[in-house]
Amino acid sequence: MSTLGNESGIARRNGQLWVEGVSAQSLAQTWGTPAYVYSRAMIEAAYQSFVDALGSRPHLVCYAMKANSNLGVLSVLARLGAGFDIVSGGELQRVVAAGGDPSRIVFSGVGKTAVEMRDALAAGIRCFNVESPSELERLAHVASHMGVVAPVSLRINPDVDAGTHPYISTGLRENKFGIGMQDALDVYRRAAALDSIAVHGIDCHIGSQLTSVEPYKDALRILVDLIDTLASEGIELAHIDVGGGQGIRYDDEQPLDIGAWADVINEAIGERDMEVLVEPGRFIAGPAGVLLTRVEYLKENEGRHFAIVDAAMNDLIRPALYSAWQRIESVVDQQRPSHEYDVVGPVCESADFLGKARELAIAEGDFLAIRDAGAYAFVMASNYNTRPRGVELLVDGKDVHVVRERESVESLFELESPLP
Ligand code: LLP
């Protein structure tokens with residue numbers, strides 16, 4: 001995915017894996033495992049690919065920080081002038097803590113509380129992506145109470161099939177997301193009539209890990225029709241937020257071509273004078289991360305080989321939750337006999353696997369890397385089985401920044417108490 005040369009991304013050189021100028025082996029030895037390691041240069045390059053593709057069209061790239069909300073990662077993007085797509089008051093606080101600009105925040109999500117709305121209005125965010133008529137009324141109420149006007153766009157559910165895993169598909173009528181086309185006009189009219197609401201734009205997000213531009217094309221056609229109908233009623237929209245969902249290569253998929261994707265957007269919008277907002281998460285953070293883990297035991301059961309590693313489903317739940325496939329490789333090439341291994345963790349669940357039937361030449365004590373673990377990895381980690389979450393490292397050239405320390409076991413129960 002990255003346009004970076006080998007030296008500045010995550011790549012194999014001379015028989016081992018490197019994260020920019022640091023070998024993955026030395027990272028694992030120095031900081032221990034499990035360790036999530038991110039490449040600053042890859043995050044920057046992926047962000048830049050959106051900026052370059054959108055070119056002269058006014059735009060704002062709002063990183064969907066749910067993919068990876070580590071303050072170190074956010075600060076890299078904040079320094080580039082990125083916007084942020086948030087889905088909670090907690091994410092708002094993270095942006096501020098990382099030095100991000102609240103006026104570049106869009107707030108998505110179906111369940112915004114009144115408190116979250118108030119905090120976001122007080123921070124002066126760019127726009128609320130409103131997902132239901134009730135949410136609109138609540139926001140109007142909160143804003144009017146504060147004596148301010150809330151900027152909104154409506155998230156439209158265009159009922160298109162994103163052709164992705166059902167758990168990460170969001171643009172179909174049966175999903176909980178957005179406002180259906182049959183209600184969209186009425187909700188816009190209502191929004192335009194409310195004193196404490198300013199209608200700024202339109203929004204949609206149809207799903208995640210899309211590797212074709214066709215679903216974007218389908219959704220935009222529907223949105224642009226609505227934009228024109230609204231304009232004929234005197235409701236002029238200033239921006240169109242096309243959501244995130246740009247797919248990456250985990251296995252042999254073709255990652256979404258951001259140039260072709262931008263062409264689709266420009267074609268759909270045509271001469272209309274509109275700013276484009278985009279909310280990529282995975283595309284920016286995914287390929288820029290690896291999860292390093294250590295082989296604790298090799299074991300054979302009835303002819304099946306297992307590699308039991310020190311990372312588990314609590315550290316990376318995507319394989320268990322979505323049957324997701326992520327590349328697993330030795331950190332250092334070894335001349336050993338190879339077998340097909342199920343790579344599993346120590347958690348007491350049969351779903352605790354990171355990969356199945358992987359050809360690996362490994363011995364106990366070796367380190368493995370799970371690739372493309374920059375997105376939806378640490379952020380979805382849990383402490384199941386009282387397992388402290390791993391350290392997070394951000395590599396910048398030859399420098400290694402500990403952007404989150406490994407958790408201590410004590411910290412996992414410090415909010416608890418036994419009965420007196
Ligand atoms: N905007 C909205 C409103 C979203 O709900 C999402 C993701 C994004 C943007 C960013 O989507 P992305 O560019 O990352 O595809 N945990 C799942 C993915 C869940 C995506 C949720 N929404 C996974 O690990 O595959």
Side-chain angles (χ1 to χ4, degrees), residues 1 36 43 46-47 49-50 60-69 73 77 82-88 91 105-112 126-132 135 153-158 162-172 175-179 201-213 215-216 219 240-251 253 255-256 258 261 276-289 291 313 315-326 354 370-382:
M1 184 281 312
Y36 303 83
I43 294 169
Y47 170 82
S49 63
F50 286 95
L60 181 62
V61 180
C62 296
Y63 168 59
M65 61 181 282
K66 63 168 75 70
N68 183 329
S69 55
V73 170
L77 291 160
F84 296 92
D85 170 44
I86 65 167
V87 290
S88 70
E91 288 194 343
I105 288 178
V106 296
F107 193 168
S108 302
V110 292
K112 303 174 193 80
R126 166 76 192 263
C127 197
F128 290 84
N129 290 336
V130 170
E131 302 222 14
S132 68
E135 182 191 335
S153 79
L154 299 188
R155 176 167 176 185
I156 302 303
N157 185 331
T164 186
H165 192 285
Y167 281 15
I168 52 177
S169 184
T170 50
L172 280 173
N175 296 128
K176 69 179 175 183
F177 299 100
I179 296 167
I202 190 163
D203 166 48
C204 82
H205 169 79
I206 51 178
S208 199
Q209 184 56 12
L210 274 60
T211 50
S212 144
V213 298
Y216 288 103
I240 175 165
D241 180 338
V242 296
Q246 294 79 12
I248 63 170
R249 171 176 295 153
Y250 284 106
D251 186 2
E253 310 92 325
L256 197 80
I258 299 303
W261 165 88
V276 171
L277 271 55
V278 51
E279 305 168 354
R282 187 192 317 267
F283 198 90
I284 289 181
L291 173 57
M313 66 188 292
D315 303 297
L316 181 72
I317 202 171
R318 304 190 68 257
L321 191 56
Y322 314 115
S323 311
W325 190 99
Q326 294 190 212
L354 300 171
I370 300 155
R371 300 290 298 269
D372 303 301
Y376 304 114
F378 179 88
V379 287
M380 295 180 79
S382 78

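Numbering of ligands and ligand atoms starts at 1, following listing order. These figures come from a predicted structure and were not determined experimentally. Note that the numbering runs from 1 along the sequence shown for the chain.
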Only counting residues at least two apart or in another chain, list the ones meeting side-chain contact (heavy atoms from CB on, under 4.5 Å) with A219. P158, V160, C204, I206
Going by the closest heavy atom to atom 12 (P) of ligand 1, which one wins out of G207, G245, S108?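 That would be G245.
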Hey, which atoms in ligand 1 end up nearer than 4.0 Å to a heavy atom of [X]?
X    : value
M380 : 16 (N)
P280 : 13 (O)
G281 : 12 (P), 13 (O), 14 (O)
R155 : 3 (C)
R282 : 12 (P), 13 (O), 14 (O), 18 (C), 23 (C), 25 (O)
G244 : 9 (C), 13 (O)

Just how far is it from atom [atom1] of [X] to atom [atom2] of [Y], taken to the nearest 0.5 Å?
X    : Y    : atom1 : atom2 : value
E91  : F84  : CD    : CZ    : 10.5 Å
L154 : I202 : CG    : CD1   : 7.5 Å
M380 : N68  : CE    : CG    : 12.5 Å
D241 : I156 : CG    : CD1   : 11.5 Å
W261 : L210 : CH2   : CG    : 12.0 Å
Q326 : R371 : CD    : CZ    : 11.0 Å

Does [X] approach ligand 1 within less than 4.0 angstrom via side chain, backbone, both or neither, non-hydrogen atoms only?
X    : value
A64  : side chain
D85  : side chain
E279 : both
R318 : side chain

Check contact between G243 and ligand 1, using heavy atoms of the residue and a distance below 4.0 angstrom.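 No heavy atom of G243 comes that close to ligand 1.
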Against ligand 1, does Y322 come closer than 4.0 Å with any heavy atom? yes
Within the distance-only criterion (no hydrogens, no angle test), does the side chain of R155 pair as donor or acceptor with the backbone N or O of S108 below 3.5 angstrom?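 Side chain of R155 to backbone of S108, a donor-acceptor pair under 3.5 Å: no, none is there.
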Test K112 against E135 for salt bridge (charged side-chain N to carboxylate O under 4.0 Å, His left out), laying out the working first. CA-CA 8 Å; K112 303 174 193 80; E135 182 191 335; 2.6 Å; yes
